[in-house]
Amino acid sequence: DATAIFEQIHPKTMLAILPKASYLGDIDKSTVKATDVSKTGRDENVKIPAIDQLLNTFDFKAAASKCMASQGWNYYISGAEDEITFRENQAVFSRIWFRPRVLVDVSKINIGTKILGHKSSAPFYVTATALGKLAHPDGEVAITRACYNQDIIQMIPTLASCSMDEMCQAAEKGQVQFFQLYVNSDRGIAKKSIAKAKSYGVKALCVTVDAPQLGRRERDMRQKLLDIKDAPKLEKENYSDKYKKRKKAKKKVGGVAASISSFIDPSLNWNDISWIREACGDEMKLVLKGVQCGEDAVKAVEYGIDAIILSNHGGRQLDYGRSGMEILVEVMEYLDANSMRGRMEVWVDGGFRRGTDIFKALALGANCVGIGRPFLYGLACYGQDGVERIVEIFKNELETCMQMMGTPTIKDIKKNMLVYKNIDDHITAAPQNVNAHNTYTPIRTAVQLNSKL
């Protein structure tokens with residue numbers, strides 16, 4: 001009985017599209033032994049602090065690392081190869097310093113904004129992250145409900161544990177949702193996904209353009225090999241046989257990510273924008289997620305894109321890819337040089353862990369920021385309540401920063417309030433971020449793991 005593991009990764013609606021030959025019959029539960037039932041690996045007996053004792057996103061990360069199963073944890077925190085970019089996404093903020101203004105009336109702070117014309121209580125949204133049920137049984141639906149309560153936008157992921165139907169049906173009247181799309185090699189499937197999102201009233205299609213193929217996420221890949229090593233004898237023998245066949249066929253051995261992403265089309269290119277735009281119609285805005293240089297930002301304007309997301313996929317695709325913040329500086333320079341600023345929105349994601357990080361992005365020209373992993377940590381610890389608490393922490397930290405900087409509203413945040421001249425030098429001589437350091441899990445080699453790989 002593999003139900004527990006299946007439900008962590010796949011929405012139940014997937015069963016409806018399986019070929020009839022996949023159905024073998026009903027299980028005779030009287031024959032099922034305890035050892036025949038799959039487990040999620042999550043230990044419900046692990047004690048974590050009360051939610052009001054966790055003060056920042058790093059606290060939530062530390063707590064999530066204790067209560068999550070190793071497979072899910074390693075999938076969430078994995079980055080590409082040596083995880084240089086993964087760590088740079090947070091390190092870049094240490095190279096940006098403040099120039100506060102004083103004697104400004106900051107008795108009232110308003111962090112409200114609009115994203116693609118839709119009101120949001122804060123200048124950030126929950127970006128698409130895969131497999132929410134690896135964190136909590138309620139998965140992405142808990143995030144949907146949290147976003148409604150906190151009045152922020154949720155970006156629905158293609159690779160969610162919950163179906164689009166479940167997330168959209170969980171949304172309340174008037175709630176704004178965007179949909180992140182990995183374009184399927186079968187264009188018909190991609191068009192059906194867009195049509196379904198449009199039928200639910202989803203306001204924007206965010207096409208991922210930075211993943212022509214899966215990045216080498218060795219932490220996640222190694223977890224799969226460890227699962228083989230630690231499996232029961234019979235299961236281990238079966239896995240070993242399959243592994244030998246894969247090796248003979250020269251197929252890649254990947255982890256969770258590899259098992260769910262083989263459908264993504266590496267031929268996606270600028271010529272596809274026309275049919276994607278047509279599929280969106282007038283009902284959905286078109287956003288490109290994963291732009292990483294100024295030239296492509298200019299090209300996006302030329303193609304009539306409504307918004308771009310500057311992103312390196314959370315450091316999970318190309319190691320030594322630049323951080324979204326460094327890309328942001330270049331992109332705004334290119335847009336200014338071509339008189340294109342304001343013709344499309346510019347969003348950025350990757351590494352945001354403090355309200356001060358959000359302020360820095362807004363000052364450099366971003367309309368809003370996307371945040372992913374911290375919400376998964378909150379979800380893992382306390383379900384919907386944890387997600388809402390993370391939102392509140394970011395809001396409170398941003399409000400405090402705006403008061404200290406002398407900026408009562410988002411419009412008052414200016415680039416000259418920052419010192420960022422060495423942002424692209426990749427030399428961070430600032431005091432170490434102890435919270436980030438203490439909650440980072442180093443990559444372990446095969447020797448350290450005492451694994452026969």
Side-chain angles (χ1 to χ4, degrees), residues 56-58 61 77-100 123-125 127 129 210 215 217 289-294 296-297 308-335 346-375 377 393-394 397-398 401 405 413-443:
N56 54 55
T57 64
F58 298 103
K61 181 180 180 181
I77 67 168
S78 63
E81 297 182 351
D82 298 312
E83 299 187 345
I84 304 299
T85 291
F86 173 78
R87 287 174 282 169
E88 163 66 4
N89 280 350
Q90 291 181 49
V92 66
F93 293 104
S94 297
R95 301 197 295 275
I96 305 172
W97 290 74
F98 290 130
R99 297 180 66 246
F124 59 86
Y125 60 91
T127 194
T129 51
D210 61 356
R217 305 167 192 175
K289 182 179 183 294
V291 171
Q292 296 174 76
C293 69
D296 283 341
I308 57 173
I309 305 174
L310 311 181
S311 172
N312 55 39
H313 214 99
R316 293 161 73 81
Q317 285 298 101
L318 176 67
D319 209 12
Y320 290 95
R322 296 177 300 166
S323 68
M325 290 294 288
E326 183 178 338
I327 298 166
L328 176 60
V329 173
E330 178 182 298
V331 162
M332 299 316 294
E333 289 174 352
Y334 268 70
L335 293 179
V346 178
W347 311 348
V348 60
D349 69 27
F352 289 87
R353 300 295 181 268
R354 289 285 190 182
T356 51
D357 300 339
I358 298 172
F359 185 100
K360 292 173 183 179
L362 299 177
L364 289 176
N367 295 91
C368 62
V369 308
I371 302 172
R373 286 184 177 98
F375 294 116
Y377 303 150
I393 287 172
F394 275 117
E397 290 183 352
L398 177 58
C401 181
M405 291 297 295
I413 300 174
K414 307 296 182 183
K415 184 170 67 173
N416 62 12
M417 293 179 165
L418 303 182
V419 177
Y420 60 95
K421 60 183 179 181
N422 71 330
I423 191 171
D424 57 357
D425 289 339
H426 300 149
I427 299 173
T428 303
Q432 186 180 44
N433 186 327
V434 178
N435 280 328
H437 176 75
N438 288 344
T439 56
Y440 176 71
T441 306
I443 299 174

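Side chains included, hydrogens not; waters and symmetry mates left out as well; all remaining heavy atoms used.
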When rounded to the nearest 0.5 angstrom, what distance separates [atom1] in [X] from [atom2] in [Y]?
X: I309; Y: C368; atom1: CD1; atom2: SG; value: 7.5 Å
X: L335; Y: E333; atom1: CG; atom2: CD; value: 10.5 Å
X: W97; Y: K360; atom1: CH2; atom2: NZ; value: 8.0 Å
X: L318; Y: E81; atom1: CG; atom2: CD; value: 7.5 Å
X: E88; Y: R322; atom1: CD; atom2: CZ; value: 10.5 Å
X: H313; Y: R217; atom1: NE2; atom2: CZ; value: 5.0 Å

Heavy-atom donor-acceptor pair, [X] side chain to [Y] backbone, under 3.5 Å:
X: R99; Y: N416; value: yes
X: T85; Y: G321; value: yes
X: D82; Y: I84; value: no
X: E330; Y: C293; value: no
X: R316; Y: S78; value: yes

Is there a side-chain contact between [X] and [Y], using heavy atoms and a 4.5 Å cut-off?
X: L364; Y: M332; answer: no
X: T356; Y: E397; answer: no
X: F93; Y: R353; answer: no
X: L418; Y: F98; answer: yes

R373 side chain to T129 side chain, donor-acceptor N/O pair below 3.5 angstrom: no
Quiz question: by atom type and distance under 3.5 Å, do the side chains of Q90 and Y440 form a donor-acceptor pair? no
The residue among L328, N367, T127, L310 that forms side chain to side chain contact (heavy atoms under 4.5 Å, CB included) with W347 is N367
Least distance between heavy atoms, [X] atom then [Y] atom:
X: N56; Y: F58; value: OD1-N, 3.0 Å
X: D357; Y: G351; value: OD2-O, 3.9 Å
X: A361; Y: V369; value: CB-CG1, 3.6 Å
X: N312; Y: S323; value: ND2-CA, 3.5 Å
X: A366; Y: V348; value: CB-CG1, 3.9 Å
X: R95; Y: N422; value: O-OD1, 3.4 Å

V329 vs D424, side chain to side chain contact (heavy atoms under 4.5 Å, CB included): CA-CA, chis, key distance, verdict: CA-CA 9 Å; V329 173; D424 57 357; over 6 Å; no
Working note: I371 + I358, criterion side chain to side chain contact (heavy atoms under 4.5 Å, CB included); need CA distance, chi angles, decisive distance, verdict. CA-CA 10 Å; I371 302 172; I358 298 172; 4.1 Å; yes
Would you please indicate yes or no on a ring centroid separation below 6.0 angstrom for F352 and F394? no
Going through the checks in order, is the side chain to side chain contact (heavy atoms under 4.5 Å, CB included) test met by K415 and Y420? CA-CA 9 Å; K415 184 170 67 173; Y420 60 95; 3.2 Å; yes
Tell me, with the steps shown, if N435 and K61 meet side chain to side chain contact (heavy atoms under 4.5 Å, CB included). CA-CA 10 Å; N435 280 328; K61 181 180 180 181; over 6 Å; no
